[in-house]
There are 4 protein chains.
Amino acid sequence: MPNEHLKDEPAKEKPENPITASAAGEKRGDKYQRILEAAVEVIAEHGFFNARVADIAQRAGVADGTIYLYFKSKDQILMAAISNAFGAFLELARAEVKSASEPRDQLRRLALLHLTSLGSNRNLAIVFQTELRQSARFLAQFSQHQLKQYFDLIREVVRKGQDQGVFRGDLSDKIVANCFFGSLDEMVTSWLLSERDYSLPGAADAVVDVILGGVETRRPS
Amino acid sequence: MPNEHLKDEPAKEKPENPITASAAGEKRGDKYQRILEAAVEVIAEHGFFNARVADIAQRAGVADGTIYLYFKSKDQILMAAISNAFGAFLELARAEVKSASEPRDQLRRLALLHLTSLGSNRNLAIVFQTELRQSARFLAQFSQHQLKQYFDLIREVVRKGQDQGVFRGDLSDKIVANCFFGSLDEMVTSWLLSERDYSLPGAADAVVDVILGGVETRRPS
Amino acid sequence: MPNEHLKDEPAKEKPENPITASAAGEKRGDKYQRILEAAVEVIAEHGFFNARVADIAQRAGVADGTIYLYFKSKDQILMAAISNAFGAFLELARAEVKSASEPRDQLRRLALLHLTSLGSNRNLAIVFQTELRQSARFLAQFSQHQLKQYFDLIREVVRKGQDQGVFRGDLSDKIVANCFFGSLDEMVTSWLLSERDYSLPGAADAVVDVILGGVETRRPS
Amino acid sequence: MPNEHLKDEPAKEKPENPITASAAGEKRGDKYQRILEAAVEVIAEHGFFNARVADIAQRAGVADGTIYLYFKSKDQILMAAISNAFGAFLELARAEVKSASEPRDQLRRLALLHLTSLGSNRNLAIVFQTELRQSARFLAQFSQHQLKQYFDLIREVVRKGQDQGVFRGDLSDKIVANCFFGSLDEMVTSWLLSERDYSLPGAADAVVDVILGGVETRRPS
DNA sequence: AATGAATGAGTCTTCATTCAT
DNA sequence: GATGAATGAAGACTCATTCAT
């Protein structure tokens with residue numbers, strides 16, 4: 001488990017695929033991971049509904065039938081891929097929160113992690129941005145559970161900030177979390193649709209600036 | 001109905017489904033619209049890929065084959081439905097911007113329109129939140145064009161605010177627009193996934209508060 | 001054609017496929033029947049589990065998908081084919097019973113009908129002999145219902161004969177019906193497995209002779 | 001080979017599974033038999049075509065691949081199971097015939113054996129009633145051979161009875177054998193489809209009564 | 001213009017069989 | 001001999017699209 005990643009800030013110095021990387025580790029053998037990775041690639045390329053199981057198998061270098069030794073159905077592959085990757089991300093996010101104690105700092109780190117993680121794995125980003133919502137509705141279990149945990153993590157930080165008086169107390173923590181997540185999410189989306197000629201993590205500060213600016217209590221100059 | 005929000009803005013006095021409503025007008029006859037509306041309903045219910053053309057036809061009260069007198073393919077239906085609805089929304093958004101002159105006011109109005117429009121038509125909201133991104137990738141033309149116009153509208157307001165000195169000049173207008181749109185977008189998404197037991201437009205002020213708070217130049221107290 | 005077997009039994013003067021024939025009549029259009037007939041042919045040839053839907057479609061002269069406009073599943077085709085044919089046979093059997101009043105005569109006629117019907121349509125006979133029992137277990141509804149009615153018809157005749165004193169009263173009507181049906185059934189099976197170089201209806205008298213001989217009350221010579 | 005079962009008549013006092021029992025004997029080792037028995041169970045439960053080799057393997061407590069060390073194919077398993085069981089039954093039947101000399105007595109014993117054997121092993125009965133005919137057509141060699149031998153045995157008894165003048169000479173021995181076998185066969189089938197709340201061997205006398213009654217020469221009272 | 005029966009290409013999934021260990 | 005993971009061929013079924021009426 002690649003969680004020993006950051007004391008101070010070194011995490012951002014080696015940001016390649018923090019999510020996928022942590023998913024490795026031979027869980028259920030090599031093929032399980034290969035299929036999962038192939039699935040993310042193919043789904044990113046064609047979208048879930050246009051992705052053929054045969055393509056995933058081929059890209060994973062296994063026979064079609066082998067897929068079904070590891071997954072019950074095509075749906076399950078998507079679920080597993082998202083859940084797997086998001087679960088890893090969630091761990092990182094929690095570690096990130098723990099690695100700091102000041103709420104503003106914590107949000108800043110979360111934002112950076114969010115953009116770094118997705119910015120370093122385009123395929124995963126695509127799956128997250130386009131398939132996650134689909135699955136949220138149709139394969140409903142997922143987002144209700146894991147995504148909510150991410151939100152809860154953000155909300156906790158917000159509430160702590162409010163308790164400490166560094167964040168405005170007149171805002172719903174839920175709305176703040178929505179703005180925070182939504183802003184980051186949209187950054188990723190627009191980055192995906194763009195030529196991706198700029199650094200996504202590089203925009204983290206600006207985004208945090210905006211959100212924190214609206215959330216912080218005004219310090220009389 | 002979250003409409004009693006403004007005093008002297010006649011435009012919003014008939015806000016029920018501002019998007020869909022404006023799409024009416026017998027374009028290419030009654031059936032065209034009926035099919036479009038049926039498509040939004042069915043797609044909202046099952047998702048684009050699980051929506052069957054036969055279902056759309058049935059809900060529209062026409063024969064399967066009739067669909068193809070009006071649309072070239074299933075893809076075209078989704079495109080048209082989104083484009084149609086979004087085009088109407090875009091008009092409203094432009095009118096909203098014109099109806100005010102102060103940038104902060106303009107953003108406030110846009111936010112309210114955004115949340116009111118989607119908050120008053122659940123089906124359309126679903127299609128926007130879940131299918132729009134898919135289509136952005138697969139039926140690519142759309143978002144590149146119409147969604148960009150919406151973004152550009154926001155960015156213009158932001159830039160104007162920066163020029164006038166009411167918004168911080170050190171922020172990229174694009175990033176601000178992303179935060180603005182992303183926040184609203186996430187509000188809608190979380191509202192859809194929730195029990196929808198609260199008023200979406202009612203949250204507009206809070207969202208604008210956060211974003212504007214981070215964007216406005218700090219007035220020395 | 002084994003039809004010239006009887007002098008004064010008008011019912012049997014047009015016995016070509018009494019079962020299938022009566023099933024005709026454009027029920028649900030031409031294709032429904034064509035598919036059913038094709039199904040019987042293909043199933044007779046390969047057995048139900050080895051029969052491919054595509055083959056049935058081809059033999060019926062329709063597209064694969066067309067099958068599913070008329071039947072819900074492959075199983076349903078078998079069910080329908082058997083039920084359809086057996087229903088028609090059941091009607092004939094009832095008519096046959098009504099056409100005579102003397103129990104021995106009634107059994108004689110039933111036997112002749114049984115052998116004539118299956119003897120004149122080899123494919124149907126195969127399906128009945130080999131697939132009926134399978135379906136009795138797996139598509140259980142059928143035999144529980146229709147086949148039971150045939151048995152009940154036989155048992156009624158037997159009971160009437162017992163009441164009238166022409167049949168031994170010390171035998172269970174169920175066992176007698178089993179012997180009667182089983183004997184006929186086995187005649188068909190062995191005929192199917194043989195070269196079919198003899199007339200099946202021609203054996204009716206002998207079978208009835210044996211069964212009746214064992215069932216009749218002994219008339220003192 | 002447990003065939004030393006009857007001197008006079010005790011055979012019927014311990015009728016549990018005469019067929020299966022005789023099949024034992026470590027032919028080609030323990031696993032061969034275990035697989036055969038598992039096959040009968042699984043096939044009885046699901047039917048041959050719905051029975052998976054993996055299920056048979058599991059029930060036999062061996063690995064999937066092991067099956068193929070003992071059998072060439074799935075078809076071969078069915079063939080072997082039926083052949084094995086029927087071969088044992090055939091031996092019993094021959095012994096039964098030898099154990100008596102009077103034709104009527106011989107038929108009576110055969111009937112009792114038939115009903116006892118199948119009545120004491122439901123799974124085997126199912127396989128015989130439902131799969132035997134299938135295999136008769138598709139795995140053709142079998143019934144043409146073994147089943148024919150059983151028929152021939154019956155026919156010999158019948159012919160001997162005719163020669164001795166105890167059976168009517170005007171009946172085809174084949175037809176009589178068909179009636180005899182068919183009646184017994186149907187008894188088993190109807191017993192299987194019923195709740196099996198009655199004793200199958202208990203019906204032997206009645207069946208023999210009917211058949212013999214129709215076959216015996218009438219003794220002038 | 002409208003219909004809706006018909007089409008048939010496309011794909012997920014199963015499972016008998018193999019073979020490296 | 002024994003295993004069981006892996007294979008991949010095969011087939012039922014769906015549904016967007018067409019076209020004769």
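Below, chains carry the letters A, B, ... as their sequence lines are ordered, and counting in each starts from 1. The model shown is predicted, which means the values in this text are computed figures rather than measured ones.
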request  = Would you mind telling me which residue lines up with the more 5' stretch of DNA chain E, B:I67 or C:A63, judged by nearest nucleotide?
outcome  = B:I67
remark   = Value for CD (D:E41) from CG (D:D55), rounded to nearest 0.5 Å, stands at 11.5 Å
task = Could you pull out the closest heavy-atom pair between A:A80 and A:L36, with the gap in Å?
result = CB-CD1, 3.9 Å
task = Could you please name the partner base of E:dT18, counting Watson-Crick and G-U wobble pairs only when both distances are under 3.5 Å?
result = F:dA5
message = I'd like to check A:Q33 versus A:N84 (side-chain heavy atoms, cut-off strictly below 4.5 Å). Are they in contact?
response = yes
Separation between CZ of A:R34 and CZ of A:R59, rounded to the nearest 0.5 Å = 13.5 Å
key: Under 3.5 Å donor-acceptor, A:K31 side chain and A:A60 backbone   = no
message = Tell me the interatomic distance from B:Q58, atom CD, to E:dT3, atom P, rounded to whole angstroms.
response = 13 Å
inquiry  = Rounding to an integer number of Å, can you tell me how far C:R34 CZ sits from E:dA6 C1'?
reply    = 12 Å
request  = Can you label the angle between the C:Y32 ring and the C:Y70 ring as parallel, tilted or perpendicular, going by 30° and 60°?
outcome  = tilted
ask   = Taking OP1 and OP2 of E:dA6, is either one under 4.0 Å from a side-chain nitrogen or oxygen of C:Y70?
value = yes
request  = For C:L78 and F:dA12, give me the distance from atom CG to atom C1', rounded to whole Å.
outcome  = 15 Å
inquiry  = Looking at A:K31, I'd like to know whether one of its side-chain N or O atoms comes within less than 4.0 Å of OP1 or OP2 on F:dA5.
reply    = no
Summary of protein contacts for nucleotides 15-21 of chain F, nucleotide by nucleotide, where a base hit scores B, a sugar-phosphate-only hit scores S (4.0 Å, heavy atoms) = SSBB---
